[in-house]
Novice: 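Pasting a structure here, questions to come.
In the text below, chain A, chain B and the rest are named by the order of the sequence lines, each starting its count at 1.
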Amino acid sequence: MQQLTDSPLLRGLNSPQHQAVTLPAEPALILAGAGSGKTRVLTTRIAWLISTGQVSPYGVLAVTFTNKAAREMLARLGGMLTVNLKGMWVGTFHGLCNRLLRAHHRDAALPSTFQILDSQDQLSAMKRLLKAMNVDDQKFPPRQVQSFINNAKEQGLRPQQVDDADGYNRKFVEIYQAYDDQCQREGVVDFGELLLRSVELLKRSDALRGHYQQRFGHLLVDEFQDTNPLQYEWLKLLSSPATGVFAVGDDDQSIYAFRGADVQNMHRFKREFAVAHEIKLEQNYRSCGHILDAANALIANNTGRLGKNLWTDAGSGEPIRVMESASDMLEAYWLVDEIRNLVAEGRARSEMAILYRSNAQSRVIEQALFNAGIAYRVFGGLRFFERAEVKHALAYLRLMENPHEDTAFLRVVNFPTRGIGARSIEQLQDQARQRGISLYAAAEYLEGKAGGAVRAFVSVIESLRFETQGLALKEMVAAMLDRSGLIRHYETEKEGRERIENLQELVNAAAAFLAEERFSPEAPANLGVSGANDDDTGLIGSPLSMFLSHASLEAGDNQASEGQDAVQLMTIHSAKGLEFYAVFLTGLEEGLFPHENSISEPDGLSEERRLMYVAITRARQRLYISMAQTRMLHGQTRYNLRSRFLEELPQETLRWLTPRVDNRWSGAGSSGALAEASPAGRWVRQGMGDRGSASPSFQKPAIAGHTHDSGFYVGQAVRHSRFGDGVILALEGSGSEGRAQVNFKRDGPKWLALGVAKLEAAD
DNA sequence: CTACCAGTCCTTTTT
DNA sequence: GGACTGGTAG
């Protein structure tokens with residue numbers, strides 16, 4: 001047994017980490033605080049299990065939420081072990097479900113060529129369906145239907161299982177059913193379906209379930225707090241009483257409830273799996289003391305926590321710097337200033353992050369950085385496989401694989417234009433509906449000129465399908481680009497250069513994809529299950545089908561130009577899991593952060609607080625927190641109060657860069673104080689940068705706003721007979737028709753019709 | 001079919 | 001403010 005705990009793998013682990021890594025094969029919950037070495041524990045655990053011979057790679061299943069996390073885990077394992085890791089199931093929930101369904105497609109009632117719809121595809125399929133069903137899309141907006149269906153699937157519910165007691169829900173349920181039917185007809189599955197179908201498959205087939213339960217002696221789950229009920233069920237089905245389920249998570253970092261994640265799963269897990277080992281990783285290796293003190297104090301305001309306190313032996317470090325600016329623009333210019341200082345101190349720009357609650361906040365900041373000539377990088381936005389031209393190309397490839405997928409068909413049947421208009425499409429859809437066949441198959445029944453045009457398209461696909469057989473994936477893609485006319489189309493387009501480059505990149509991606517050799521065939525499992533693919537570990541489908549899965553499941557990088565030393569801009573959500581030398585946490589304002597919508601949601605405020613906790617713990621050395629008194633939002637200037645979260649931080653961890661004034665609006669008072677602390681001249685700079693057009697001429701914004709013809713003005717202190725004192729945040733309309741948004745001291749912001757409400761100036 | 005305009009909406013996001 | 005949608009005119 002000595003050698004089990006003496007492995008060089010375990011060197012350098014602290015005591016709880018060591019304990020976690022070397023736990024016996026029993027259900028365990030590892031509460032891993034931010035920066036406590038979570039990934040290290042997870043990967044070392046796997047490496048330790050394998051290197052001590054307790055399990056073979058074949059018996060390990062490790063699941064994550066993102067491809068990035070899965071890749072990192074594999075890379076680290078590769079560095080720790082010399083054994084062949086190919087048989088191991090490491091991947092995202094969706095990736096592993098795809099693998100499972102491909103291997104057992106017949107049991108799952110799916111064609112071997114089933115395609116995966118990403119959210120975009122799902123939405124267009126939805127729109128098509130609603131049209132065909134003659135549903136009023138004002139009453140049932142496609143996006144809303146989509147999220148209804150996705151929510152249901154996340155809860156593991158089929159249409160029949162959704163509560164449709166009230167009439168409104170009934171229509172949604174009916175659409176849900178029709179949508180599922182359509183998907184089944186076309187041989188496509190959406191993201192939620194990958195999970196749900198897998199769960200149903202495992203539930204239904206004792207043999208399959210038994211096989212996998214026996215195979216996977218160890219299940220390891222990353223970011224357990226982010227699991228939804230369906231994923232939880234999936235894990236449960238894959239585990240037997242003998243399975244070593246190793247769940248790693250942090251309830252304080254649960255920030256994805258809005259997409260179905262349920263922290264309660266952690267409590268459920270403890271109960272239902274009879275967790276024998278609960279280990280807390282509380283020593284933080286990332287941030288200095290003040291930052292951790294602030295994070296601990298903040299999160300202590302939440303209730304129902306599993307309980308955890310971060311500590312460090314690195315010392316208190318620097319205090320958190322707090323800045324209050326008069327406007328969002330001035331906040332941005334202060335950021336520029338501070339970043340310049342840090343750069344002057346020799347800090348890399350890539351070691352600085354500017355975080356915000358919502359994407360809309362990035363615009364002003366980007367403008368300021370751009371004008372100042374500071375390189376920056378914004379996370380989020382379109383990813384490679386989501387680009388229109390790439391999606392078009394993928395649609396051709398999908399039709400080659402599965403011609404009956406109407407979504408792909410409609411996407412490219414007339415792209416590039418082939419003279420197939422809305423009329424022809426409608427006729428084709430009529431034919432397809434009458435005969436209960438796909439659009440592709442319906443082409444031969446279409447008469448007249450339209451029929452000829454559609455058949456010409458079909459024959460392009462046909463010839464691609466058959467003439468590229470046996471070709472390497474790369475050649476297939478290249479042939480498709482040529483025969484489809486996509487390249488020629490973009491050659492004639494003004495902005496086509498970049499698109500052609502992206503299509504070229506797709507060829508490269510195809511070439512690189514196979515080179516990676518991610519699945520190597522190995523001894524197939526003999527399941528003795530009827531219809532089961534006899535190979536549940538090796539190649540799953542043709543190279544093309546694997547490439548298409550890859551394209552759907554991994555949309556590619558969502559960050560601009562890597563490599564350059566640039567300041568990182570992102571939402572707090574996308575900063576989770578990352579760390580930086582310096583973090584600028586911006587927009588700490590009531591209504592923005594915590595977001596106003598969250599106030600009315602159950603547990604919404606706690607989730608916002610966890611988000612704040614995540615944000616704080618991203619910083620290693622330096623944390624700046626900033627807010628703006630005025631902010632342009634939805635085309636109007638809003639007056640915001642300081643975020644309540646700021647008040648929850650211990651004062652001794654903070655250093656105010658501007659005087660700390662009462663968190664209350666009192667007309668011109670606070671603007672005066674601020675003007676004194678930050679003379680306008682400091683912020684209004686001339687000739688900021690040589691890029692862009694005219695150099696910016698920002699003026700100090702008028703805090704008081706301008707007088708409205710109602711006699712009220714934004715920023716004005718007012719009194720209401722019932723609600724008491726407040727400040728006008730916004731005005732709309734005019735005269736007695738107008739309405740005002742007033743932030744009341746007691747009840748918070750409210751909209752009041754000026755013609756009705758008795759509102760009077762308070763001073 | 002494209003181009004333009006008005007109306008609407010507006011947290012967070014991975015797969 | 002601005003991205004996106006749906007409608008209509010050319």
Side-chain angles (χ1 to χ4, degrees), chain A residues 63-70 91-98 116-123 127 131 137-138 141-144 147 150 153-154 189-196 198 222-223 226-228 230-231 254-261 328-329 355-364 367 379-383 385-386 414-425 493 549-558 570-577 587 589 591-601 604 607-608 610-612 614-615 631-638:
Chain A
V63 64
T64 62
F65 277 86
T66 65
N67 291 297
K68 195 176 155 210
T92 62
F93 279 100
H94 295 86
L96 297 181
C97 285
N98 180 45
I116 300 165
L117 299 185
D118 67 16
S119 317
Q120 265 181 56
D121 302 331
Q122 188 189 27
L123 187 64
K127 286 179 180 166
K131 217 174 195 174
D137 57 4
Q138 299 288 94
R143 276 180 197 286
Q144 212 173 310
S147 83
N150 290 341
K153 289 190 180 183
E154 275 153 16
V189 296
D190 57 45
F191 288 135
E193 187 71 22
L194 281 170
L195 258 302
L196 184 49
S198 301
D222 192 17
E223 307 276 17
D226 288 339
T227 53
N228 64 34
L230 187 57
Q231 288 157 337
S254 163
I255 56 173
Y256 285 114
F258 70 92
R259 64 174 200 214
D328 47 355
M329 226 182 267
L355 308 184
Y356 33 81
R357 173 72 237 271
S358 64
N359 287 304
Q361 287 165 253
S362 78
R363 232 195 77 249
V364 192
Q367 216 164 43
F379 280 63
L382 266 200
R383 289 132 101 221
F385 286 111
E386 291 168 353
N414 198 36
F415 193 94
T417 29
R418 301 185 171 86
I420 302 169
R423 253 187 355 270
S424 314
I425 299 289
E493 218 181 47
S549 291
H550 167 76
S552 303
L553 292 174
E554 183 162 4
D557 259 347
N558 70 347
M570 66 191 86
T571 63
I572 301 168
H573 280 92
S574 31
K576 188 167 161 227
E589 297 141 36
L592 198 63
F593 192 23
H595 196 277
E596 52 197 349
N597 294 1
S598 72
I599 311 287
S600 54
E601 283 164 19
E607 175 125 332
E608 294 287 299
R610 291 192 289 267
L611 195 52
M612 177 74 180
V614 167
R631 186 176 292 278
M632 202 54 159
L633 204 64
H634 309 327
Q636 58 174 311
T637 305
R638 293 191 22 158

Novice: Applying ring-ring contact (aromatic ring centres under 6.0 Å, His included), can you list everything that pairs with A:His573, at least two apart in sequence or on another chain?
Specialist: A:Tyr256, A:Phe258
Novice: Indicate whether A:Tyr256 forms a stack on B:dT13; treat it as stacked only if centroid distance is below 5.5 angstrom and interplanar angle below 30 degrees.
Specialist: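 One would not call A:Tyr256 stacked on the B:dT13 base.
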Novice: With A:Phe65, which residues qualify under ring-ring contact (aromatic ring centres under 6.0 Å, His included), at least two apart?
Specialist: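 ring-ring contact (aromatic ring centres under 6.0 Å, His included) check on A:Phe65 returns A:Phe93.
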Novice: Whole angstrom is fine here: how far is it from CZ in A:Arg638 over to C1' in B:dT11?
Specialist: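 One finds 12 Å between C1' of B:dT11 and CZ of A:Arg638, rounded.
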Novice: How far, in whole Å, is B:dT13 from C:dC4 if one measures between their P atoms?
Specialist: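 So the two P atoms sit 15 Å from each other.
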Novice: For C:dA3 and B:dT14, measure between their C1' atoms and round to the nearest Å.
Specialist: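 Per the computed distance, 22 Å lies between those C1' atoms.
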Novice: Is the base of B:dT11 syn or anti, where syn means the angle lies within 90° of 0?
Specialist: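 Here the answer is syn: the torsion falls within 90° of 0.
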Novice: Pairs under 3.5 angstrom, nitrogen or oxygen only, protein versus nucleotides 1-7 of chain C, please.
Specialist:
| unit_1 | atom_1 | unit_2 | atom_2 | d |
| --- | --- | --- | --- | --- |
| C:dG1 | O6 | A:His634 | O | 3.4 |
| C:dG2 | OP1 | A:Arg363 | NE | 3.2 |

Novice: Which residues pass the side-chain hydrogen bond (donor to acceptor under 3.5 Å, both in side chains) test with A:Gln144, not counting sequence neighbours?
Specialist: none
Novice: Taking only residues two or more places apart in sequence, or in another chain, which ones meet A:Glu608 in a side-chain hydrogen bond (donor to acceptor under 3.5 Å, both in side chains)?
Specialist: A:Arg357
Novice: I'd like to check the salt bridge (charged side-chain N to carboxylate O under 4.0 Å, His left out) partners of A:Glu193; sequence neighbours left out, ordered by chain and number.
Specialist: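 For A:Glu193, the residues satisfying salt bridge (charged side-chain N to carboxylate O under 4.0 Å, His left out) (neighbours in sequence not counted) are A:Lys153, A:Arg158, A:Arg197.
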Novice: Under 5.5 Å centre to centre and under 30° between planes: does that hold for A:His595 and the six-membered base ring of B:dT11?
Specialist: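 It does: the two rings, one from A:His595 and one from B:dT11, meet the stacking criterion.
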Novice: Taking atom P of B:dT13 as reference, at what distance in whole Å does atom CD of A:Gln120 sit?
Specialist: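 Answer to the nearest Å: 16 Å.
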